[in-house]
Number of protein chains: 2
Amino acid sequence: MGKIKLDEIDHQILDMLIDNTRIPFTDIAKKLLISAGTVHVRVKKMEESGIIKGSSLTLDYKKLGYSFIAYVGVFLNNTSQTKFVLERISEIPFVTVAHITTGKFNIFCKIRGKSTEHAKEVIFMLDDIEGVYRTETMISLEESINDKKRLMHSIFNDM
Amino acid sequence: MGKIKLDEIDHQILDMLIDNTRIPFTDIAKKLLISAGTVHVRVKKMEESGIIKGSSLTLDYKKLGYSFIAYVGVFLNNTSQTKFVLERISEIPFVTVAHITTGKFNIFCKIRGKSTEHAKEVIFMLDDIEGVYRTETMISLEESINDKKRLMHSIFNDM
DNA sequence: GGTGAAAGCACCGAGTT
DNA sequence: AACTCGGTGCTTTCACC
């Protein structure tokens, strides 16, 4: 689980793939003045080493009718139940991510839903989990997603 | 921005692409008993309609030395500054996402960093933004990410 | 660890039903 | 709207550097 070191070529390959995974390796090769075979081998290595965990599509959930986002803080009766409750929470498909956290809440999660009505149902599911004392909801009114590329560049500049 | 309707074939195509964007269209075609050309046309349509916004790599940030995650709630002096502060926050590369929210906080964001030391720097950057009154940090001790496929299936079952 | 060529096959458009 | 077919060109491997 330690750091893995990548060279400048790897950085550039990731830079081109990060926001378009289907870009042809030949295009990458042309731009970096290396052969397509080399791109192939390097990507494979980054996959094998686990730096690249996978690839995925970015869908427009709003267009699918799921425009509601909220964060829910969860308070537990007893912190010994944390792991158990985290697992139950993670079984709800409308929960996109859940964290065990320090601070105010014991568990903290993000939910995505169709509407306030729908979100209410999801929050009730959370409240119904054994060990959950109460929840506190923050509804997202506007979301600003930061480009992955920027974080990646900051990381690379630091290596 | 209304709902767009997809049929069962589209669902299946997305199901195969969502966690492996480079899977050959011929493989998809074989599995769905349609021609590769049809897969191609349908994917293109979903891209044109905006349902598919793009594709991206999933990197292992832990392996890159960035294993620190925290959520930071931001309190403002004055809610009229919300938009301005959101923009300033979004300029920080270690902030991965920021929301304007109802409830306790005015703005709520997620940060990723190297260490507690590094996170401290990022939080100080937030505190230094004009209009920010104070912040409240929740450090993630454990993250549980939900498979995109599950949310997608729930959405499709509902259409 | 990189190259370059070659074989295989995928992509994607045109034409057909 | 989906299929077949064919040209173009991408991926992937391998012998060599």
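Sequence lines set the chain letters: A, B, ... in the order given, protein chains first and strands last, and positions in each chain run from 1.
Distance from the side chain of A/Phe25 is smallest to D/dT12 among D/dA2, D/dT12, D/dT13. Here the nucleotide nearest the side chain of A/Ser35, chosen from C/dC11, C/dG4, D/dT12, is C/dG4.
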* Asked: Under the salt bridge (Lys or Arg N to Asp or Glu O under 4.0 Å) criterion, do A/Asp10 and A/Lys5 qualify, and how do the steps go?
  -> CA-CA 9 Å; A/Asp10 292 324; A/Lys5 55 175 182 315; over 6 Å; no
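At a threshold of 4.5 Å between non-hydrogen side-chain atoms, the residues B/Asp60 and A/Ile51 do not count as touching. In this structure, B/Ile23 and B/Asp27 have side chains that are in contact, with non-hydrogen atoms separated by less than 4.5 Å.
The phosphate of C/dG2 has neither OP1 nor OP2 within less than 4.0 Å of any side-chain N or O from A/Lys45. Between B/His40 and C/dC12, a side-chain N or O to OP1/OP2 separation shorter than 4.0 Å is present.
At its two ends the helix from C/dG1-D/dC17 to C/dT17-D/dA1 runs along axes set 30° apart, each axis drawn from five pairs and the angle rounded to 10°.
A donor atom on one side chain and an acceptor atom on the other are found under 3.5 Å apart for A/Asp127 and A/Thr135. The closest side-chain donor-acceptor pair between B/Thr82 and B/Thr79, if any, does not fall under 3.5 angstrom.
Across residues 11-24 of chain A, A/Pro24 each have a non-hydrogen atom less than 4.0 Å from an atom of DNA chain D (numbered order).
Within the 4.0 angstrom heavy-atom criterion, only backbone atoms of the sugar-phosphate kind lie near B/Thr26; the bases stay farther away.
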